[in-house]
Amino acid sequence: MEKIRYERPLIVKMNTGLMNKFGTKTENEPVTHIESVGVKTLLKQYGSPLFVISEKQIRRNYQNAVRIFKTRYPKVQFAWSYKTNYMNAVCRIFHQEGSWAEVVSGFEYDKAIGNGVPGNKIIFNGPDKKDEDLIKASKNNSLIHIDHYDELYSLIRLSEEHNLKPRVAIRVNMDTGIYPKWDRFGFNFENGQAWNALTRILNSENLNLVGIHCHIGTFMLSPNAYAIAARNLSELAWSVKERFGKVIEYIDLGGGFPSTNTLKGAYLPGTDTVPSIDQFADAITDVILGYGFKQNELPLLILETGRALIDDAGYLLGSVIATKRLSDGRRATIMDFGLNSLFTSLWYEHKISPAQKLGNQTEEMVMFGPLCMNIDIVRESITMPILQKGDQVVVHKVGAYNMTQWMQFITLRPNIVLIDNDNETHVIRKAESLEYIEQLEEIPKHLK
Ligand SMILES: *Cc1c(COP(=O)(O)O)cnc(C)c1O
């Protein structure tokens with residue numbers, strides 16, 4: 001018989017089956033399957049921790065968003081935001097569904113080309129485009145979204161030197177009533193910078209102005225902010241037509257729709273407070289349709305939605321390494337994943353479910369990651385059934401920004417598994433090894 005480990009007795013308030021402050025049950029319902037694949041089976045086969053992505057959920061999210069916009073507006077195109085999750089398998093699902101690519105660096109640009117995206121369906125954003133990136137993107141007929149005057153001047157110079165006719169848009173920033181303002185990217189609307197940049201492009205020999213872009217922020221909770229953005233971009237497009245006779249082919253409203261995660265410090269869970277994509281779509285399309293564009297000059301509406309399409313398709317499975325009592329008596333549970341793999345625990349209170357049936361007693365606990373770093377906290381306070389060493393959990397809605405912002409500080413990155421439409425599992429990125437991490441290191445001769 002296995003000896004039960006002794007734990008010093010301590011008197012604490014226990015909650016049994018109580019409602020939490022939202023009037024819902026605490027997070028103690030076990031989640032044993034993802035799609036129809038057993039969580040325990042996944043962990044046994046691929047190790048712990050483990051990222052799992054549902055292909056079905058990605059496709060559902062994408063098709064749903066496209067339907068919502070297309071039923072309101074005739075010309076809609078989504079472009080997958082690579083930085084949100086650039087696993088090639090993930091990008092290819094979006095491209096198969098018809099999504100273009102939206103990239104913010106030369107490296108991401110090359111990834112999109114490698115994933116078979118035609119050059120003219122790649123949107124190139126961001127403040128850091130190298131000369132060679134600009135030349136390549138121009139030759140490939142990609143959509144170059146100019147971020148600042150220095151880039152504009154570079155592009156004019158390069159287009160003359162290399163005889164290029166780049167297709168360009170400008171990124172516009174503006175006051176949408178959301179603070180702090182995102183005014184570090186693009187040209188400002190209110191102070192006339194955006195109009196000035198457009199005029200310079202229209203007066204240049206080689207640049208072909210095709211669109212106007214903005215990305216007003218991320219995890220935006222206000223549909224009205226998008227209505228303001230849509231109005232300002234429509235105004236610019238309208239003025240370009242009026243004064244230069246040039247029809248703007250597209251208006252790109254960027255990304256930023258929230259996922260249903262719960263922001264830290266929010267009083268209510270994200271599932272109750274986050275506006276639906278329908279509300280954002282209404283706000284945007286009402287403005288553009290009502291602006292007065294001629295039917296045949298109605299701009300294509302581009303969206304670069306990232307997190308709202310992928311967050312709930314991603315899960316992180318993990319195991320309890322140990323439990324302990326902190327000096328103030330609080331229960332602490334130490335997991336085998338932390339900030340290194342779950343970067344978004346910095347701003348979300350991720351929902352975490354046990355992967356097996358546990359006792360009915362729940363207790364408030366702090367959930368730590370495995371790193372030797374004081375800020376490695378997964379949840380500062382979570383009420384769960386009491387977890388023991390070896391128990392396993394499912395972290396929900398981790399598909400966005402984790403598999404691109406993770407780091408190998410102290411531990412290596414784990415496997416990522418895709419569950420396809422037929423519930424077959426595929427490793428889409430292997431767990432890292434020491435050899436992989438060291439392959440770029442060199443040892444000087446005198447240290448060999
Ligand atoms: C990050 C980013 C996106 C995607 O943002 P989400 O908030 O994930 O929807 C879209 N466009 C640009 C320019 C971005 O930088």
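Read the numbers this way: they start at 1 and go in the same order the structure lists the ligands and their atoms. Along the sequence shown, the residues carry numbers beginning at 1.
Arg60 and Glu35 are joined by a salt bridge, as a carboxylate oxygen and a charged side-chain nitrogen come within less than 4.0 angstrom of each other. Between Asp252 and Arg171 there is no salt bridge, since none of the side-chain N atoms of the basic residue sits less than 4.0 Å from a carboxylate O of the acidic one.
The aromatic rings of Phe107 and Tyr86 sit perpendicular, their planes meeting at an angle over 60°, well past the 30° parallel limit. The aromatic rings of Trp347 and Phe343 sit perpendicular to each other, their planes meeting at more than 60°, with 30° as the lower class boundary.
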Just the distances, no angles: every ligand 1 N or O to protein N or O pair closer than 3.5 Å, one line each.
from, atom 1, to, atom 2, distance (Å)
ligand 1, 5 (O), Tyr401, OH, 3.4
ligand 1, 7 (O), Thr218, OG1, 2.4
ligand 1, 7 (O), Gly256, N, 3.3
ligand 1, 8 (O), Arg307, N, 2.9
ligand 1, 8 (O), Tyr401, OH, 2.6
ligand 1, 9 (O), Gly256, N, 2.8
ligand 1, 9 (O), Gly306, N, 2.8
ligand 1, 11 (N), Glu304, OE1, 2.6
ligand 1, 15 (O), Lys83, NZ, 2.6

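The cationic group of Lys129 lies under 6.0 Å from the six-membered ring centre of Phe124 and within 45° of the ring axis, placing it in a cation-pi geometry.
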Show me the side-chain donor-acceptor pairs of residues 181-189 shorter than 3.5 Å, one per line, residues at least two apart or across chains.
from, atom 1, to, atom 2, distance (Å)
Asn188, OD1, Glu190, N, 3.1
Asn188, OD1, Asn191, N, 2.8
Asn188, ND2, Asn173, OD1, 2.7
Asn188, ND2, Glu190, OE1, 3.4

